[in-house]
Participant: 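Got a structure for you, written out below as structure tokens; questions coming shortly.
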Amino acid sequence: MCGITGYLGPRSAVDTALNNLKRLEYRGYDSAGVAYPNCTHVQVVRAAGKIANLEGVLLATPHAANVAIAHTRWATHGGPSESNAHPHGDCSGRIAVVHNGIIENYASLRSELVASGHQFASETDTEVLAHLIEANLPSGQPGPEEIAGAIRVALRRVRGSYAIALISQDAPDMVFVARQDSPLVIGIGDGETFLASDIPAVMRYTRKVILLEDGDFATLTSERIGITDLHGVPVLRFPIEVTWDDAAAEKDGYEHFMLKEIHEGPRTVRDTLRGRMAGKGRVELPGVAFTPQEWAGFQRFVIVGCGTAYHAGVVGKRLFEQLLHRPVETAVASEFRYSEPILDAQTLVILVSQSGETADTLAAMRAAKPKGAKTLAIVNVVGSTLAREADATLLTQAGPEIGVASTKAYLAQLTALTLLGLFLVQTRPCEPTGATQETIDTLLWGLHGLPAVLERCLQDEAQIASLAESLAQHSSFFYLGRGYDYAISLEAALKLKEISYLHAEAYPAGEMKHGPLALVESGVAVIGFCTQPITNEKMLSNLKEVKAREGTIIAVIREGDRVPDCADAVITVPNAAAALMPIVTMVSMQLLAYYVAKARGCEIDQPRNLAKSVTVE
Ligand code: M6R
């Protein structure tokens, strides 16, 4: 989705803002632009396509300035073109604004502004903001306070979500910013101030950041940050220190972020476990803010997320039911909100999200709270909206994930869910749980050794890459499994489709003969997961049914298991406890998706039509 950066200070503002904007390229975009004050007006430079195109235009445009705002746009209102790219200006050309989010009442505001004489130059909802602010400015040369006042008045009329940054010719050493339902980060430097819609964009320069909250409005100079609400009442926001390693936001010699992040899987799991595996075979979750009574009182669990995070929840459901013998539901966040969920004070709603900014997941949390349910965020980004608003937070420790296709974050989510399941068992010692002590001990030991097991999975990279070469010729893929293997097939299929653009569908293996088997013919590849002893025999029968219809079969089996006769190829994965096999198997599936996409020449880190952080519903 869209990205915002900004800079105020002694460096070249345009170059700094654009360099930081490149750190947000992973979010997906189709045009880019920058604005900076010059002697006579606010200069706006935009280009369709990549930031490199914008830099090409800037080569021929003087751009010395100490203040700049920049933007990458992911088209919503109006196609991807230079005229729809941000920044957008008012009629006078004295202000320029960049915006992430959607102005829901833009059509009525636009009609009103057109009726009063404003001329629009784009199809975007954002341009409404520039004109609405202009309409509230006093005539003549407004001062900073008057500009701030006009922005606040305008924003009070806006419905929807926004992170905005605005510069004005009349306050050339300032940037005005505001946030509602779309993230905005202010980086504090020494005599310089940074602005971005995501933390990695400023990490190269500063670790001290202020995360604006909904309803915040701020005026920035290189030396000062003043924050108020939309009525001008001052609010206090304290800076936090970001502990992420800046190198994590670089490719570090890998061809793609996705490949680097797959290789970071073992470290991610190790970091997510750190400090949570206490001695005597117990799990501890320091910082997760529920009382022992609250923990023990949860009778029902609902796990909610989108995409990969939802798929982590599908694994979590099986695990929790097995461990707790309690009802557990999973829900896609965009459906949960409108499904009239039955929740009460004894329900724990677990919201899973890498970014902590996914609009649907936030809406689900906000729908759950008024019904009395407690909310727990399993989230990767400290200080994200989800982390701030949930009743409690369990942080995954994946570090920044840049590739649009989620990889290491999924492993971290599964690790966190496993820890949570085991912890919940401990919180109810007097209850007969579904899990035997042996199952619990096996899981605990399994978790302990998991990073080393994942390192071994990565050793098969070359073999998986060569298999991917031949699979890339197939037109369609089915991913089949039962139980945990079905849960993993959902995420494995998503990985392939989002980066290789091949049709890939996950199915419970037993369902194939109830319909989808009709699609199997030569040229269709079927990845069959056989990692669960309890269902392996039935899986093999299902794979034979596919073989009889001339599908190509790739069986995923555990080390030491017999290679199925019907398999055309095999991916062997290390053995682990049944509930941990999804984590183990996923590393190979991420590599497989990566190398198929590479063989097909796809743009792996920024797949078409997709964005890293989906901040609109
Ligand atoms: O930041 P979140 O985890 O809330 O994001 C949810 C989904 O948008 C995300 O997992 C998406 O499905 C990934 N691109 C999948 O690789």
Side-chain angles (χ1 to χ4, degrees), residues 1-9 11-36 42-65 67-76 78-89 96-101 122 124 126 163-165 167 175 182-185 187 194-205 246 249-251 254-258 260 400-404 602-613 615:
M1 304 245 122
C2 308
I4 290 176
T5 57
Y7 177 76
L8 307 95
R11 303 171 201 262
S12 161
V14 172
D15 295 335
T16 309
L18 287 189
N19 281 338
N20 289 350
L21 198 60
K22 287 180 188 162
R23 287 246 169 139
L24 301 180
E25 281 194 293
Y26 68 91
R27 293 166 68 108
Y29 69 102
D30 41 51
S31 59
V34 62
Y36 46 97
V42 168
Q43 178 75 47
V44 173
V45 184
R46 306 181 297 207
K50 295 292 174 196
I51 295 173
N53 299 356
L54 176 66
E55 287 177 322
V57 183
L58 280 165
L59 283 178
T61 318
H63 55 269
V67 171
I69 53 174
H71 190 263
T72 43
R73 173 174 186 256
W74 188 78
T76 56
S81 62
E82 189 273 334
S83 59
N84 285 332
H86 299 208
H88 291 288
V97 62
V98 294
H99 164 226
N100 287 359
S122 78
T124 65
T126 302
I164 65 159
I167 58 169
V175 175
S182 193
L184 206 52
V185 177
F194 303 84
L195 168 69
S197 46
D198 209 351
I199 294 171
V202 301
M203 265 168 36
R204 189 168 16 198
Y205 297 107
D246 186 44
E250 302 286 353
K251 280 191 203 146
Y254 286 92
E255 193 174 347
H256 295 100
F257 277 112
M258 181 179 176
K260 174 180 177 240
E401 189 179 65
I402 308 290
V404 165
C602 297
E603 203 173 332
I604 291 176
D605 282 334
Q606 294 159 50
R608 69 184 182 203
N609 307 339
L610 297 181
K612 181 65 181 166
S613 185
T615 49

Participant: Only one of Thr5, Val185, Thr16 passes side-chain contact (heavy atoms from CB on, under 4.5 Å) with Phe194; say which it is.
Facilitator: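 Exactly one candidate clears the test, Thr16.
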Participant: Rounded to the nearest 0.5 Å, what separates atom CG in Leu195 from atom CD1 in Ile69?
Facilitator: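 Leu195 CG to Ile69 CD1: 8.5 Å, rounded to 0.5 Å.
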Participant: Find the distance between CG (Asp15) and CG (Leu21) and round it off to the nearest 0.5 Å.
Facilitator: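 The distance works out to 12.5 Å.
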Participant: Among Glu82, His88, His86, which residue satisfies the side-chain contact (heavy atoms from CB on, under 4.5 Å) criterion with Ser122?
Facilitator: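 It is His88, the one option of Glu82, His88, His86 that forms the side-chain contact (heavy atoms from CB on, under 4.5 Å) with Ser122.
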Participant: Got a second to check how far Asn100's CG is from His71's NE2, nearest 0.5 Å?
Facilitator: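 Here the rounded value is 4.0 Å.
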Participant: So, Asp605 side chain and Met258 main chain: donor-acceptor pair closer than 3.5 Å or not?
Facilitator: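 Present.
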Participant: Is the shortest heavy-atom distance from the side chain of Lys50 to the side chain of Tyr29 under 4.5 Å?
Facilitator: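 Heavy-atom side-chain distance check passes, below 4.5 Å.
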Participant: Can you name the closest pair of heavy atoms from Val67 and Ala13 and give their distance?
Facilitator: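 Closest approach of Val67 to Ala13: N-CB, 3.3 Å.
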Participant: Can you check whether Asn84 reaches Arg46 side chain to side chain, under 4.5 Å on heavy atoms?
Facilitator: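 Asn84 vs Arg46: side chains apart.
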Participant: Please report the closest heavy-atom contact between Pro87 and Val98, naming both atoms and the distance.
Facilitator: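 Closest approach of Pro87 to Val98: CG-CG1, 3.7 Å.
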Participant: Does any non-hydrogen side-chain atom of Asn19 lie less than 4.5 Å from one of Arg204?
Facilitator: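 They are in side-chain contact.
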Participant: Quick one: closest heavy-atom pair of Ile51 and Ala32, and the distance?
Facilitator: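 Nearest heavy atoms, Ile51 then Ala32: CG1-CB, 4.1 Å.
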Participant: Where is the tightest heavy-atom contact between Gln606 and Val404, given as atom of each residue plus distance?
Facilitator: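 Closest pair (atom of Gln606, atom of Val404, distance): CA-CG2, 4.3 Å.
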Participant: Kindly compute the distance separating CG (Asp198) from CG (Leu184), expressed to the nearest 0.5 Å.
Facilitator: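 Output value for this atom pair is 10.5 Å.
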Participant: Run the side-chain contact (heavy atoms from CB on, under 4.5 Å) test on Val45 and His63 for me, step by step, so that the C-alpha distance in whole Å, both residues' side-chain angles and the decisive distance to 0.1 Å come before the verdict.
Facilitator: CA-CA 10 Å; Val45 184; His63 55 269; over 6 Å; no
Participant: Can you confirm whether Leu58 sits close enough to Leu18 that some side-chain heavy atom of one is under 4.5 Å from a side-chain heavy atom of the other?
Facilitator: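 Yes, their side chains come closer than 4.5 Å.
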Participant: Please report the closest heavy-atom contact between Cys2 and Arg73, naming both atoms and the distance.
Facilitator: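 Residues Cys2 and Arg73, closest heavy atoms: SG-CA, 4.0 Å.
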Participant: Locate the shortest heavy-atom distance separating Ala48 from Asn53; write the atom from each residue and the value.
Facilitator: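 Ala48 and Asn53 have their closest heavy atoms at O-ND2, 2.9 Å.
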